[in-house]
Amino acid sequence: MPELPEVETIARGLTARLLGKRLLSFKLNRRDLRNPVPPGLKAKLEGRRVTAITRRAKYILFHFEGGGVLIAHLGMSGRLVLADAGNAPAPHDHAVLGFEGGVELRFNDARRFGLLDYATENDLAAHKLFRHLGPEPLAPEFDGVLLAKLLKGKKTSIKAALLDQRVVAGLGNIYVSESLYGAALSPRRLARTVQGERAIQLAQAIRDVLARAIAAGGSSLRDYVQASGELGYFQHHWSVYGKEGERCPRCDCSIGIKRIVQGGRSTFYCAKRQR
DNA sequence: CTTTCGTCCTGACTGC
DNA sequence: TGCAGTCAGGACGAAA
């Protein structure tokens with residue numbers, strides 16, 4: 001379930017391996033991903049060099065010479081795998097990008113919640129996928145004042161609000177739980193009550209949690225790439241996510257980490273610490 | 001307008 | 001052992 005830190009780590013890892021390389025072949029094995037993959041990618045991308053690999057929200061952007069941008073989203077189960085050309089293809093390799101030097105990038109996604117799309121550099125900001133996205137939480141302009149403004153008047157829970165990509169871009173179920181834990185805010189709290197000092201603390205917690213996860217990803221990236229060619233799935237040390245029943249790492253309460261369901265999604269938190 | 005809910009998909013896991 | 005059932009999650013469109 002790649003969220004912002006995993007996607008950032010993948011983009012950095014791919015940059016190290018693919019920057020400046022020319023795409024020799026683009027092969028699409030199936031078109032019916034989350035959205036239909038647009039036609040004509042092969043003609044638009046083949047023969048071009050990669051000029052940058054960046055991230056926006058949970059999207060990975062492959063920028064090519066001439067202004068074309070291949071957009072990838074990994075959904076739940078998506079992976080980008082670097083392999084030697086000639087290695088046997090794996091099940092669910094939906095797209096295979098062959099680069100000069102004999103390296104292949106394979107888009108593999110069993111559940112097909114992921115997607116591939118295309119835009120030009122000029123159209124990127126106005127693209128359907130990006131038009132309504134909220135601010136990047138690691139951008140300099142993201143702070144408690146901006147977050148308070150985004151949450152003002154919202155009647156949903158703070159959990160649901162942070163999952164909404166129009167409020168903040170790139171957070172998913174895991175890092176929302178972790179951020180709320182960091183800020184000692186209850187996931188049940190109404191979003192509109194997170195103002196002032198609470199918003200400042202939440203914005204800081206979001207940035208801290210994400211920055212730490214990216215740092216952890218970066219430090220494990222080299223070994224992981226060498227081991228398997230698969231990027232971005234590194235060892236995490238989450239405080240509450242998936243820890244139902246375990247002790248809260250920061251207080252002595254006996255109740256432990258609770259799991260509740262909000263909007264059909266699990267939330268993990270310490271009911272004593274988070275108010 | 002805002003908010004909630006159902007839907008897509010399949011591997012991993014649970015329980016009988 | 002085998003099989004049926006449940007769960008997980010991101011994003012979007014429909015419904016309320």
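This one's a predicted model, so the numbers in the text were calculated from it and none came from an experiment. Convention: sequence-line order gives letters A, B, ...; per-chain numbering from 1.
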* Taking only the side-chain heavy atoms of A:Thr156 (C-beta and beyond), determine which of C:dG10, C:dC12, B:dT4 contains the nearest atom. => B:dT4
* Structure fact -> Quick note, A:Arg265 side chain, CB onward, closest among B:dT10, C:dA11, B:dT3 is C:dA11
* Asked: With respect to the side chain of A:Arg259, which nucleotide from C:dA11, C:dG10, C:dA8 is positioned closest?
  -> C:dA8
* Does C:dA11 have A:Phe113 stacked on its base, where the ring centres are within less than 5.5 Å and the planes differ by under 30°? -> no
* Asked: The side chain of A:Lys58 lies closest to which of these nucleotides: B:dC9, C:dA11, C:dG13?
  -> C:dA11
* Which heavy atom of A:Glu136 sits nearest a heavy atom of A:Phe142, and at what distance? -> O-CB, 3.5 Å
* Which part of the nucleic acid does A:Leu115 contact within heavy-atom distance under 4.0 Å: base, sugar-phosphate only, or nothing? -> nothing
* **Rounded interatomic separation in angstrom, taking CG from A:Leu163 and P from C:dA8** => 14 Å
* Asked: Which nucleotide in the list C:dG13, C:dA8, C:dA11 gets nearest to the side chain of A:Arg34?
  -> C:dA11
* Asked: Does A:Arg212 CZ have over 12 foreign heavy atoms under 6.0 Å away?
  -> no
* A:Phe268 ring centre to A:Lys258 NZ or CZ under 6.0 Å, with the angle to the axis within 45°? -> no
* Structure fact -> Checking B:dC9, C:dA11, B:dT3 against the side chain of A:Arg166 (C-beta onward), the nearest is B:dT3
* Structure fact -> Closest to the side chain of A:Ala110, out of C:dG10, B:dG11, B:dC9, is B:dG11
* Asked: Choosing from B:dT10, C:dG10, C:dG13, which nucleotide comes nearest the side chain of A:Glu3?
  -> C:dG10
* To do: Rounded to the nearest angstrom, tell me the gap between atom CG in A:Asp164 and atom P in C:dC12.
  => 10 Å
* Between A:Glu178 and A:Tyr269, a side-chain donor and acceptor under 3.5 Å -> no
* Structure fact -> Closest of C:dG10, B:dT3, B:dT10 to the A:Lys154 side chain is B:dT3
